[in-house]
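Taking it in order: structure first as structure tokens, then the write-up.
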Amino acid sequence: MTEAGTTAGEILSIFPNESGAAPQPSGSPSGGVIAARVNGELRDLSYQVRDGDAVEPVDIASDDGHAILRHSTAHVMAQAVQGLFPHAKLGIGPPIENGFYYDFDVPSPFGPDDLKAVEQRMRQIVKQGQLFSRRVVSEDEARAELASEPYKQELIGLKGSGASSGEESVEVGGAELTIYDNLDPGTGALYWKDLCRGPHLPSTRYIPAFKLMRTGGAYWRGSEKNQQLQRIYGTAWESRAAQDSYLELLAEAERRDHRRLGAELDLFSFPNEIGSGLPVFHPKGGVIRRVMEDYSRRRHEEAGYEFVNTPHATKAELFETSGHLGFYKESMFPPMELDGADYYLKPMNCPMHVLIYRSRGRSYRELPLRLFEFGTVYRYEKSGVVHGLTRARGFTQDDSHIFCTPGQLAGELASLLDFVVGLLRDFGLTEFEAELSTRPEKYVGNPDEWDAAEAALKHALDASGLPYVIAEGEGAFYAPKIDVHVRDAIGRRWQLSTLQVDFQEPGRFGIEYQAADGSRQRPYMIHRALFGSIERFFGILLEHYAGAFPPWLAPVQVVGIPIADAHVPYLSKVAALLREQGIRVEVDDAGDRMQKKIRTAQRQKVPFMLLAGDTDVAAGAVSFRYRDGGQRNGVPVDEAIAEIVTAVRDRIQV
RNA sequence: GCCGGUGUAGCUCAGCAGGCAGAGCAGCCGUCUUGUAAACGGCAGGCCAGCGGUUCGAAUCCGCUCACCGGCUCCA
């Protein structure tokens, strides 16, 4: 039975925590339950419960627990920053995935040494065990108490003007304004306070592990029209071990960075002389790319696509018609003037494909017409956003435009989605999630058509069995779309494919087909890119495999390593046999020792190393070494060749 | 585009209270002829990102430009 004055924490102390361990005594810093969910709302453990309240524990290691921990750590950081930089004004400080940040308005930006000092100060605050104490305030009280915090004033103002829902923040979300005081656990003296909806950890001692990660500029309230504040990112975890494994994941991601691997494996580069965001592929990267394209072409051919080619530049008129010059001019390279006309590098292939469609009259019998091209496009990405192969200024889309009748739309989308996922699977990706983006507030076209298109996309998703979420109002202004995301080998999410149903462009270009009844009809058009861009997909695969491509994609599939120079001719014969089977093979005849050659091949992540010494030569055999360090000795040459050829043919990872 | 950081040999980095440009790896040439992640020796390699300034003197200090890195905004 609940008594008056009972807190959520007291109620919960009779329950074991989620990990099954004994309940933590009040004030314990070692994790377990750190907050409560009362009637579905997250509350502090000090929350006063009432009769009949449903009280559930929130473990620090849960998603909610992480958010509370990180938000509280953000407060500790802000206190530390204001201790060291009294002129710092507070922005916002929410928890985010894997961490938190807090924005500050400071006279001069933070440097690396500042970060160390802040972290040092934070450790003192954590050690002190300051209590987080909640207090409801009126708007006027909040304004008075936070008179020196202009950004908080603005947030209170937002809250005051209230009714504009949806923009709940960690500062002023919920029904009332609250301030959290940081109090000395012994004397109750006030160290610091912040406008905040909470909930928080009981005290700063409940922060088991944290680390400040990086700094950067960030626009106030996310708009580049506003003042830029200085943001500090940090992370916090329920244990040192959990934090270490997170940091290890980051280190692994860095080792896999495609820009690093691209240089190490001699795959591609970005020559300064060419310009930012414009990659060149070296021979080894070129092989991978060619294999990717060849495979994609073959699959498209089998799926009934027709191949087209279009130029890289065009007169302005084309993009005026398509609407790009109206909407996306900023992202296009500026025009060049030739013969009195403006020419643009193309940022998209679709208008050219539409022109191919329009080059003659079309019959319903030709539909669906599936045009495919590896089409290179150029987009003027802003200087600060260019990022390796994943955000380039020149890149090649595996772009297709499908023209179909309204009646064909649903079937076409369903088979298309199947095709997309099937092809991605062949490249070794296994986890997919989709997103259906529906009609935005600002849209063009007929709502009935939108509904029909959205229903068709949804139907396709349901039929595909892919897990998906609906992103309400996130569609492009001219069309709803499906985005397919993948998870890579270390769980990171990448957006890849996109499918859009477009009713706009067919109208802009006035394309038609003649229906069975002799009438002229407007076709639907589906845009889709599957890799997105070859460069980007290349980069994602490179990171997914950490450079250790499966044999069918590996630029060098086999390296022959002689035990001594005398064995080079023998291995060269084996290599010739492999080459006859279309295998990319090299024999390392450099002056290095065998061990060094193994090291070299290993670092180049070559799938198969074939060694041969006197024993192998005598037996007509070779010895395998695999990338994982395993070996298989004395394998007859025929058998070795079969093993390699099979792995390549069946696209097996080894 | 905005905020901050960085730019020295192909790569990773040292040198920077202003005074002759360094190492390891990679490369090339030798010697060694080796059984599963680095043999040994030698040679070569640089307009210290570019341009301008301060100075008797600049890789080092200052300014601008370019590029890259981390954020923000953006990603049709």
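Just so it is clear: chains get the letters A, B, ... in the order the sequence lines come, proteins before strands, and each one is counted from 1.
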Of the listed nucleotides B:G35, B:A76, B:A37, the one nearest the side chain of A:Asp614: B:G35

Gap in Å between the two C1' atoms, one belonging to B:C66 and one to B:A26, rounded: 28 Å

N or O in side chain of A:His387 less than 4.0 angstrom from B:C68 OP1/OP2: no

Under 3.5 Å donor-acceptor pair, A:Arg231 side-chain atoms to B:C72 base atoms: no

Sugar-phosphate, base or nothing in reach of A:Asp565, heavy atoms under 4.0 Å: base

Syn-anti status, with the boundary at 90° from 0, for the nucleotide B:A59: anti

B:A76 to B:G4 separation - C1' atoms, rounded to the nearest Å: 29 Å

Between B:A26 (P) and A:Lys597 (NZ): distance, integer Å: 14 Å

Nearest-Å distance once atom C1' is located in both B:U65 and B:C25: 33 Å

Sugar-phosphate only, base, or nothing, as touched by A:Lys382 at under 4.0 Å among non-hydrogen atoms: base

Side-chain N or O of A:Tyr101 closer than 4.0 Å to phosphate OP1/OP2 of B:C72: no

Rounded distance in Å between the C1' positions of B:A23 and B:G45: 14 Å

Check against salt bridge (charged side-chain N to carboxylate O under 4.0 Å, His left out), A:Glu543 and A:Arg255: CA-CA 9 Å; A:Glu543 299 206 6; A:Arg255 284 192 287 275; over 6 Å; no

Minimum-distance nucleotide to A:Val385 side chain [options: B:C66, B:U73, B:C2]: B:U73

No-hydrogen, no-angle side-chain donor-acceptor test under 3.5 Å, A:His401 and A:Asp502: no

B:C40 versus B:A14 - spacing of their P atoms, nearest Å: 26 Å

Step-by-step side-chain hydrogen bond (donor to acceptor under 3.5 Å, both in side chains) determination, A:Gln631 to A:Asn633: CA-CA 6 Å; A:Gln631 46 180 298; A:Asn633 297 327; 3.2 Å; yes

Distance-only donor-acceptor test, A:Tyr219 side-chain atoms vs B:G1 base atoms, 3.5 Å: yes

Ring pair (Phe, Tyr, Trp, His ring centres under 6.0 Å) assessment of A:Tyr524 paired with A:Phe503: CA-CA 6 Å; A:Tyr524 277 177; A:Phe503 338 108; 5.6 Å; yes

Touch class at under 4.0 angstrom, heavy-atom based, for A:His567 against every strand present: nothing

Sugar-phosphate only, base, or nothing, as touched by A:Ser223 at under 4.0 Å among non-hydrogen atoms: nothing

Touch class at under 4.0 angstrom, heavy-atom based, for A:Ser276 against every strand present: sugar-phosphate

Sugar-phosphate only, base, or nothing, as touched by A:Arg259 at under 4.0 Å among non-hydrogen atoms: sugar-phosphate

Candidate nucleotides B:G35, B:U73, B:A37, ranked by approach to the side chain of A:Thr615 - the nearest: B:G35

Reported NE2-to-CZ distance for the pair A:His485 and A:Phe432, which is rounded to 0.5 angstrom: 12.5 Å

Full working for salt bridge (charged side-chain N to carboxylate O under 4.0 Å, His left out) between A:Asp483 and A:Lys481: CA-CA 6 Å; A:Asp483 291 322; A:Lys481 61 174 179 173; 3.5 Å; yes

Per A:Tyr233 side chain, nearest of listed nucleotides B:U36, B:C72, B:C32: B:C72

Contact check, side chains of A:Leu611 and A:Val622, non-hydrogen atoms, under 4.5 Å: no

Candidates B:G70, B:C2, B:U36 - which lies nearest the side chain of A:Arg214: B:G70

Donor-acceptor pair present, A:Glu224 side chain and B:C72 base, under 3.5 Å: no

Contact under 4.0 Å: A:Ser383 side-chain N or O vs B:G1 OP1/OP2: yes

Same-atom distance (P) from B:U6 to B:G15, integer angstrom: 14 Å

Whole-Å P distance, B:C29 and B:A44: 15 Å

Nucleotide of B:A38, B:C3, B:C72 approaching A:Gln595 most closely (side-chain heavy atoms): B:A38

Any N/O donor-acceptor pair, A:Arg603 side-chain to B:A38 base, under 3.5 Å: no

Selected nucleotide, minimal atom distance to A:Asn633 side chain, candidates B:G35, B:C68, B:C75: B:G35

Proximity of A:Phe85 and A:Phe110 rings by center, below 6.0 Å: yes

Side chain of A:Ile563 (C-beta onward), nearest among B:G35, B:A76, B:A39: B:G35

Distance between C1' atoms of B:C28 and B:A49 (Å, rounded): 27 Å

base_contact_polar (B:G35 base, A:Ser623 side chain, donor-acceptor, <3.5 Å): yes

Closest to side chain of A:Met348, choosing from B:A39, B:U73, B:A76: B:A76

B:C40 OP1/OP2 closer than 4.0 Å to side-chain N/O of A:Lys596: no

Closest listed nucleotide, where the reference is the side chain of A:Tyr328 and the choices are B:A76, B:G70, B:U73: B:A76

Touch class at under 4.0 angstrom, heavy-atom based, for A:Glu264 against every strand present: nothing

Sugar-phosphate, base or nothing in reach of A:Gly222, heavy atoms under 4.0 Å: sugar-phosphate

Sugar-phosphate, base or nothing in reach of A:Phe395, heavy atoms under 4.0 Å: nothing

